[in-house]
Amino acid sequence: MRITTTVNGTEREVDDVWAGESLLYVLRERLGLPGAKNACEQGECGSCTVYLDGEPVCACLVAAGQANGRQVTTVEGLAEGERLHPVQEAFLETGAVQCGFCTPGLVVAAHDLLQRVSRPSDLEIREALAGNLCRCTGYEKILDAVRLAADRQAQG
Amino acid sequence: MSTDAGTRSTTTTPGRVGYGRVGDSARRPDGTLKVTGEFAYASDLWHDEMVWGVTLRSPHPHARIRRIDITEALTVPGVTAVLTADDVPGDNAFGLEHADQPVLASEFVRYEGEPVALVAADHPETARRAAKRVRVDYEVLPAVTDARRAMDPGAPAVHRPGNLVRHLRLRRGGEAPTAPVVVSLDFEVGMQDQAFLGPESGLAVPAEDGGIDLYVATQWLHVDQRQICLALGMPPEKVRLTLAGVGGAFGGREDLSVHVHACLLALRTGKPVKMSYGREESFFGHVHRHPATMTYEFGAQRDGSLLYAKARLLFDGGAYASSTAAVVGNGGTLGLGPYRIPSVAVDAYGVFTNNPPCGAMRGFGCVQAAFAHEALMDELADAVGVDRVAIRQLNGMREGDLNITGQVIDSAAPVGELLQIVSELPLPPERGAHPDLRSLPGAVNNTTHGEGVVRGIGYAVTYKNVGFSEGFDDYSTARVRLEMTGGEAVATVHTAGAEVGQGLITVEQQICRTELGVERVVVHPKDTTVGSAGSTSASRQTYVTGGAVKAACEAVRAAVLDRAAGVLRRSAAELRLDGEKIAGPSGELLAGLADVLGDDAVEETVEWRHRPTHAIDPETGQGEAHVQFAFSAHRAVVDVDVELGLVKVVALDTAQDVGTAINPDAVVGQIHGGSAQGMGLALMEEIIVTDGHVRNPSFTDYLIPTILDMPPMQVTVVEYADPHAPYGVRGVGEPPTISSGPAVAAAVRAAVGKPLRRVPIRPEHITGT
Amino acid sequence: MDFLQPASWQEALELRAARPDAVPLAGGTDVMVELNFDRRRPGALLDLGRVPELRTWRTEDGCVRLGAGVPYARVIDELGKQLPGLAMAARTVGSPQIRIRGTVGGNLGSSSPAGDAHPPLLAAGAVVQAASAARGIREIPVAEFFTGVKRNALAPDELIGAVRVPVATGPQQFSKIGTRNAMVIAVSAFACALHPDRRAVGTGIGSVAPTPRRAADAEAFLAGELESAGLWESRGELPETLARAFAVRVAAAASPIDDVRGTAAYRLHSLSVMARRAVTWAWNDLREAA
């Protein structure tokens, strides 16, 4: 089947999509956008988090057909050209990136949190990011990153 | 509403931020690509005309293969190849220490999930469909799935001649004396998974010379290359490996996974072949941490001073040898912890079973033992009425002591000091009257509003060898080039040391900047066109590959100064190289690097070794087995809902001696992440194997800690430079995984008041239901 | 495999009838896992995500008519007052990303014994509205909806259109056991609802039997004891002995098994602890409200 989806602001069309294919597969293997990661295929790790019509979802659990005609924003769509988004910058600055496999999903989830809650408490951060597993960092520097991005955002 | 006040993490490190030299918290060179999603992990690779490979695996823990019929699979449209053991051109065997594992099973399968056949097709779904049409006729055989029964007479033999992989016998200090106080216990540790987030993946591209180029996520390119060459029957120059982006490793990528399979399919189809495991297959696609059953006994004076220790450790190696022998080596030689013990008797065994193969995971044999020796140390403290910190300080190793293999601890061994630090760190605040659900055991699952919740505190101190031991020729190779490019001095550093997320590439840059004074350092892709760097394991890369890079830089510097000496007609000994300048004895500028090099590059390749280690005596286990020891201590504070058996770790504080912190931020990151993995094993992480079958191969049922499970951490980094190591570094990655779990387990015991002699501690162990 | 994407409820029902081999797809949080793990290859997927009627809720006749396609995140944000038990349960479902996609209708459709929405729906006395093109709407009390492990009372040509959940007239609680502090499938779960208007108690238990179910004896027992002690009237303290006796009866309604997530014995034990605690919280809430 044919899928037409607006991805990171550009309309993209793909043909011969198998009905059981996930949005994640389409992004990664058909549209050349491997930023969202495939780590569990069952919505348990958050590594494939992307925005679907403005809401953060696990792309592995969205059937490709469900994204037809929708707006998708992936981690590749957050920076403005060479200028990183403040959340991305904060992840770098605080050392929240090690192997980095969870990073794209966490960046999107943190980006979403800070859009909704400008100064989240630590417990709010923890609840909001509980769907994003990280195996390298123990999450400490990820919390640092979100706090830093929130501070920067508050300062405008 | 309660707040998080007072529970913020703190980090006590030197906190240097400078110009990206040794000692600075330099940023990762791959960081920007990783936050933008552009970094190419192995699973992100793509090639024109690429096809997908999948693996058909055994459903049985032990069976004879009578017949494999691939006819039907070959008829599936889109399928380009179906391969079995008959298609392996070289030796159908691989393995890290012993080549005992078939590339594809031929006569027998020895564990559930063993690869039997391969399929390549134009879409992964097509390949999966076709794999289901490979008919394998199995004769199911009796399986040995209880390690404790593996050495029984009459137990089914997993391999000839029998099921013993290694027995390490260690005796020191003569017969155990009679001790006024004797404590003992049995302890059991479940099978932990590395659970790296990026599943196994690789892309094999057939080359025009008949060889193969493999891009793969791994921990040691050259040991892979050696095994692939044997299986393919090809010389090393035809089998070229490049490290693809690695999504974590933790030991789980030491053994081969997709490597030979992807190459076989690529050579057969003549097309690039990508293989990427899903999460479920990943659980079958790599080795796990050995489950262990252990029996320990301590004899002590009435004041708590240890007189003797006896230990028996049994590691379930699963179906193939992998690194079981080395894990037994560690468990046996280090398994009594960082204590001074006059008389010691240890027997450590690794056995074959028809369970999943077990091998390397962060902490490597020390993790299992630490749960036992630290639980027993608490028993001893209670038996003699001494504080649990004090008993460890009383018996803790000090620099100059002999360990249980008779080796001198010849650099810092700050056991007492690390314990002192963690015991004096501020404790988390008491629970308020109306705690936020998210701060309680069970969190928003709303199982308690404070009822049944008891706080417990636990301590642990452990140590770990750094680098490869027991006489292994442990070296690394570094190639460093210095040249002027666009008017700027540029160094290029080339090693095969696998960057798995830990930050080796950052360290390589920092060392080049420090030694050569350049700002710009290019990290060459990791591949097999340079010599081996050894494995990214055993907390060794900063030490060993760092040492090699330092030595290569020194060689480059010497060569540049030699040239400068010729140009300037002065003695090289009185010249200094600082970036783009050649300076004289008092720092005066004598020439520019450009004047000396012109368009030339100076390049040096150095193979660097740490001090040799030695095999241990087979009768006594005595010998200088290890090159370096790294110490860490943890204090855990937990809230346990003792009625429901649910646990919330409230604090996990630690102190660790890192020698010299090359990159303080990265060091702390290792300590955070390592601590989380230890905590996971203590509380939730276990591959459940019943009769040889894995029952929870998914992230739904194999649970790793989430951000709501991890507490804030206070980390104190202690730096006692090791005079024998480059820059004084000490391995960092593994110690936190070893001491955190036992501290958490001890804290739970303290809260619950039950022995809890098994990890992970499940709710029903706490409730007794 | 075909991908069917109806744009209206009527079209959805017609496709359902025409394609018995189709699997309805709501938020995808169950179905896509089965596809990704190669557990299931249906003839077609029937995507209900484009049916606008399913994504709304409204209050009518003292009930919330919750469209089958309303995701958990909206239940949490919009229905915490009307359906507090369901909102509490919704907050424990998977991760934030899952709660944005997953729906109560999908949960009912999967009919897992561990479905988080089921216990509060049982406690509240909800009714499933099934519909077919041929026969129109059929109402099935949720207590009669689950017929076995992952099986339910839907006919092959039926879809779940909505669930009607009585608006809470008293406190509700939901508790669930997991071996991690987030993102867990229930080892056991308990929901209770106090209905002071009719002096009744509702319960629902999850992951402790082949289907989610009520603990009807426990409900009747507690309501009766409260009545005979005059507690509905007085709003006096709930005696601990009564809470314990209730919990024993709740556990008696369960018939759990051992599996990788927990033992049968622990399931029973934890269920009774949750029942005792949750009913006490609910009763205390009722007293405070008085």
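Letters A, B, ... are given to chains in the order of the sequence lines, protein chains preceding strands, and every chain is numbered from 1. Not measured: the values here are computed from a predicted model. Basis for what follows: all heavy atoms, side chains included, without hydrogens, waters or symmetry-related copies.
- With values rounded to the nearest 0.5 angstrom, C:L45 atom CG is found 8.5 Å from A:Q66 atom CD.
- Only the side chain of C:R180 comes within less than 4.5 Å of a heavy atom in chain A; its backbone stays farther off.
- Here C:R91 is the residue among C:E34, C:R91, C:R40 with the most heavy-atom pairs under 4.5 Å with chain A.
- Nearest heavy atoms, C:P96 versus A:E127: CG-O, 3.7 Å.
- Of the atoms belonging to A:E21, it is backbone heavy atoms, and not side-chain ones, that fall under 4.5 Å from chain C.
- With a 4.5 angstrom heavy-atom cutoff, A:L24 does not touch chain C via any of its atoms.
- Around atom CZ of A:R83, no more than 12 heavy atoms belonging to other residues, nucleotides or ligands sit under 6.0 Å away.
- Contact of A:N68 with chain C is made through backbone and side chain together, with heavy-atom distances under 4.5 Å.
- With a 4.5 angstrom heavy-atom cutoff, A:A128 touches chain C only via backbone atoms.
- The part of A:C40 that comes within reach of chain C is its backbone (N, CA, C, O), which places non-hydrogen atoms under 4.5 angstrom from that chain.
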Next on the checklist: side-chain contact (heavy atoms from CB on, under 4.5 Å), that's the test. Do C:R101 and A:V62 meet it? Break it down for me.
Outcome noted: CA-CA 9 Å; C:R101 295 288 294 168; A:V62 176; 3.8 Å; yes
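- No donor-acceptor distance shorter than 3.5 angstrom exists from the side chain of A:E55 to the backbone of C:Q97, with no hydrogens or angles considered.
- A distance of 9.5 Å separates OG1 in A:T49 from CD1 in C:I100, rounded to the nearest 0.5 Å.
- Across every non-hydrogen atom of A:A130 and C:A182, the tightest pair is CB-CB, 3.7 Å.
- No option in C:N36, C:L35, C:V33 other than C:N36 meets the side chain to side chain contact (heavy atoms under 4.5 Å, CB included) test with A:E41.
- For C:D2, the part lying near chain A is the backbone, with the side chain staying farther off; criterion is any non-hydrogen pair under 4.5 Å.
- Interface residue A:A109: only side-chain heavy atoms are found under 4.5 Å from chain C.
- Under a cut-off of 6.0 angstrom, the local environment of CD in A:E82 is sparse, with at most 12 non-hydrogen atoms contributed by other residues, nucleotides or ligands.
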